[in-house]
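Right, one structure below, let's go through it.
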Amino acid sequence: MDDHRSDNVQNGKLSAGKNISCWYEPGLDTRLFPELLSDLETEVVIVGGGLAGLTTAYCMVCSGKKVIVIEDGYIGSGETGRTTAQIVTALDNRYYEMEEFFGKENNALIAESHKEAINFIEEVVKKENINCDFERLSGYLFLHPSDKEENLYKELNTLQQCNINAMMLDNTPGIPIEKKCIHYPDQAQFHPLKYILGLSKAIEKKGGLIFINTHASEINHTGIVSSKGFKISAKHVVVATNAPVNNKYATMLKQWAHRSYVIAALIKKDSIPRALWWDTGDKTIHTSTPYHYVRLQSHNDEHDLLICGGEDHIVGINEGKSEEERYNDLIKWTQERFPIAEVVSKWSGEVLVPMDSIAFIGKNVFDKENVYIITGDAGIGMTYCTIGGLLVTDLINGVKNRWEEIYKPSRFILKASEPFFRMLKGDLVAVLKKWFYRDTTELSSIKEDEGKVVILDGQKCGAYRNPSGKLYLVSAECTHLKCMVQWNKDEKSWDCPCHGSRFTYSGKVINGPANEDLPSFSENSPE
Ligand SMILES: Cc1cc2nc3c(=O)[nH]c(=O)nc-3n(C[C@H](O)[C@H](O)[C@H](O)COP(=O)(O)OP(=O)(O)OC[C@H]3O[C@@H](n4cnc5c(N)ncnc54)[C@H](O)[C@@H]3O)c2cc1C
Ligand code: FES
């Protein structure tokens, strides 16, 4: 695997960014599948080899359908390889807030869908004998200093109405602060890459086909065409690309991208209980209300890994804080609460937050009846991707599903529309910023390992010089809706502040909604 790590930053095939998460252990290979090199026909084609695509493929083959999955990197190379893989009914948004949008009955259905998703994962792990460190454990939600105790009681009350097993405790187990917390006894966690590799094996065993290194450059109701020109004709098309690459406006204007940061540190085995922890989030930052999320993962005979995430911000709004400061704050926060030793990995990833806080799953808006999308993970994609697989399979098989209406991608809940208008305003600001962007940087002044948007012959270009001095020049205009990309110093990528598309430094698209690379000018570089 190591030889492939080195060129990952340029081609993004192993993972969407320079930093590699702790899940990429030696010996774990996500490349064990062929590339699509001929035209094929099938009943269902699924675009995206992350948790959503592979769960859907698994459910579909189990229901007897002929399925093909295509993935443009390796298996899990999107956000599934960058997750922290807590599997929860304790959502990032509070149920008492969601009740305002969805009402009591639908709130209970949302809770039910997450419970069933956890049960489903547990059953699949057993049935397919997937060795992925799945375990059931408790989760503890404790107050952020900016939040009030009465909100914990409100949440507990709503959880009980939604039939989620939860209770109040006077202290938070594992954390040396005497503060009340909600205890959720039935949460879970696993190793995400081992789980999806297990799913992939099961899909193949049941007759499904998986192709990697295969980019779907055209997607419509008849199937897909790969960037090398091979066609897969299909009766049903499922786009599970995290941000849907087949839907430019209808969905991406109803959700926005957050960047979340993670550290994994050594911690002595058995020094704290095995559990999940979350705080309720910083209410003083209204744009993203960042919260911390913590879990353990077995590592070696002496140590476990304590994995802690947080420091979220909306992509493009970094509130004047650098990535380095965010990692440092995350380490400090963790050290103040847990007896950690050396930090062994750091990475970041993108989470898609829908305006009303729940996923968009079902028939693609303004499209033919046989095209489906799974998107809007809201930071709890382990369950949403699983719900997506279950629901889309029912829709394709014509089976009535009581979650269909709640997760419909066409919904627009007026009460939850404030973020939608905030986002439109943000898009407008981004367009104005692009128009008025002025820069006089000479290419020669760009240092090694530095990236910047510069103006060359009146055109905005992303310029990056690698550590050996080679200059890469790409168009700085995002191929989704033409906002100007920004340099991500931490992951060495060009990120779009409008809807979160990302590109490697050489312009290859690694996150939707954009589906085309940034044009590259490196060969004509004036240097
Ligand atoms: C830092 C972080 C922590 C998180 N922690 C948690 C957690 O603890 N619990 C939880 O429930 N959720 C968590 N999440 C969210 C969760 O990880 C994601 O929601 C989930 O992994 C998304 O899976 P997916 O299959 O939808 O997308 P992805 O895993 O991104 O898969 C989409 C795939 O589509 C491929 N693709 C894109 N375009 C094309 C194309 N044109 N042709 C072919 N293939 C294409 C991509 O290469 C990619 O592999 C976290 C996310 C982040 C970033
Ligand atoms: S992601 Fe929409 S314009 Fe870039």
Side-chain angles (χ1 to χ4, degrees), residues 12-13 15-17 21 30 36 46-56 69-88 91-92 114 117 189 192 196 211-219 224 226-227 239-246 248-249 252-253 256-262 276 278 293-295 307 309-310 312 315-316 347-352 359 374-386 388-389 427 430-431 434 477-485 495-503 509-516:
K13 284 192 185 295
S15 183
S21 73
T30 51
L36 179 73
I46 298 169
V47 186
L51 183 59
L54 292 165
T55 306
T56 310
V69 179
I70 59 157
E71 161 58 48
D72 65 4
Y74 309 142
I75 289 301
S77 64
E79 301 311 320
T80 303
R82 307 195 140 243
T83 186
T84 53
Q86 301 188 346
I87 314 170
V88 297
L91 311 187
D92 286 10
H114 288 276
Q189 65 177 27
I196 59 168
F211 296 99
I212 60 168
N213 284 318
T214 303
H215 179 76
S217 47
E218 276 176 48
I219 303 172
I224 66 99
S226 77
S227 49
V239 178
T241 50
N242 197 25
V245 294
N246 59 333
K248 272 202 163 173
Y249 309 98
M252 283 318 289
L253 294 182
W256 61 98
H258 281 204
R259 177 148 290 279
S260 192
Y261 297 77
V262 185
L276 310 177
W278 320 279
Y293 45 102
V294 185
R295 65 168 280 186
I307 302 171
D312 295 27
V315 172
W347 69 92
S348 67
E350 269 187 20
V351 165
L352 291 171
I374 301 172
T375 185
D377 59 75
I380 32 174
M382 299 300 102
T383 41
Y384 273 137
C385 292
T386 307
D427 284 1
V431 169
K434 184 177 87 170
E477 211 166 62
C478 174
T479 54
H480 176 225
L481 294 175
K482 296 186 181 304
C483 286
M484 190 174 86
V485 295
D495 295 359
C496 181
C498 284
H499 319 104
S501 292
R502 297 184 54 229
F503 307 84
V509 64
I510 43 174
N511 266 81
N515 198 30
E516 280 168 55

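We count ligands from 1, going down the list as the structure has it; atoms in each ligand are counted the same way. Computed over heavy atoms, backbone and side chain alike; hydrogens, waters and symmetry mates excluded.
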| query | Which heavy atom of the protein is the closest neighbour of atom 6 (C) of ligand 1, given with residue, atom name and distance? | reply | Thr83 OG1, 3.1 Å
| task | Could you count the protein N, O or S atoms found under 2.8 Å away from atom 2 (Fe) of ligand 2? | result | 2
| task | Using distance alone, determine whether Gly76 and ligand 1 share an N or O pair under 3.5 Å. | result | no
| query | In terms of residue, atom name and distance, what is the protein heavy atom nearest to atom 30 (O) of ligand 1? | reply | Glu79 N, 2.9 Å
| request: Could you pull out, from His258, Met382, His215, the option with a heavy atom nearest to atom 40 (C) of ligand 1? | output: His215
| N or O pair under 3.5 Å between Val351 and ligand 1 | no
| field | Heavy-atom check, side chain of Asp495 versus side chain of Arg259, under 4.5 Å | value | yes
| Residue selection (non-hydrogen contact nearest atom 21 (O) of ligand 1) among Thr80, Val69, Asn515, Ile219 | Thr80
| ligand 1 versus Asp72: contacting region, heavy-atom distance under 4.0 Å | both
| query | Does any N/O atom on Cys385 come nearer than 3.5 Å to any N/O atom on ligand 1? | reply | no
| remark: shortest atom 31 (O) of ligand 1-to-protein heavy-atom contact is with Gly50 CA, 3.6 Å
| query | Nearest protein heavy atom to atom 42 (N) of ligand 1, by residue and atom, and its distance? | reply | Ala216 N, 2.9 Å
| Flag for Arg295-Gln86: side-chain donor and acceptor within less than 3.5 Å | no
| Identity and separation of the nearest protein heavy atom to atom 27 (O) of ligand 1 | Asn242 CB, 3.3 Å
| Side chain, backbone, both or neither: the part of Arg295 lying under 4.0 Å from ligand 1 by heavy atom | neither
| query | Which residue supplies the protein heavy atom nearest to atom 38 (N) of ligand 1, what is that atom called, and how far is it? | reply | Thr241 CG2, 3.5 Å
| Is ligand 1 less than 4.0 angstrom away from at least one heavy atom of Gly512? | no
| query | Looking only at heavy atoms, is any part of Ser348 under 4.0 Å from ligand 1, and if so is it the side chain, the backbone, or both, or is it neither? | reply | neither
| message | Any heavy atom of Thr214 closer to ligand 1 than 4.0 angstrom? | response | yes
| request: With heavy atoms of Gly349 as the reference, note each atom of ligand 1 found under 4.0 Å away. | output: 53 (C)
| request: Please report the closest heavy-atom contact between Val509 and Phe503, naming both atoms and the distance. | output: CA-CD2, 3.7 Å
| Given that the side chain starts at C-beta and the backbone is N, CA, C, O, which of these parts of Glu71 lies under 4.0 Å from ligand 1, counting heavy atoms, or is it both or neither? | both
| query | When you take the SG atom of each Cys, Cys496 and Cys478, is the space between them under 2.5 Å? | reply | no
| query | With backbone taken as N, CA, C and O and side chain as the heavy atoms from C-beta onward, which portion of Ala240 lies under 4.0 Å from ligand 1: side chain, backbone, both, or neither? | reply | backbone
| query | Tell me: protein heavy atom nearest atom 8 (O) of ligand 1, and distance? | reply | Thr84 OG1, 2.6 Å
| What part of Tyr261 sits under 4.0 Å from ligand 1 if we count only heavy atoms: the side chain, the backbone, both or neither? | neither
| Residue part near ligand 1, for Val47, under 4.0 Å between non-hydrogen atoms | side chain
| task | Identify the protein heavy atom lying closest to atom 9 (N) of ligand 1, giving its residue, its atom name and the separation to 0.1 Å. | result | Gln86 O, 2.8 Å
| field | Shortest heavy-atom approach to atom 25 (O) of ligand 1 - which of Ala52, Gly388, Gly48, Ser217 | value | Ala52
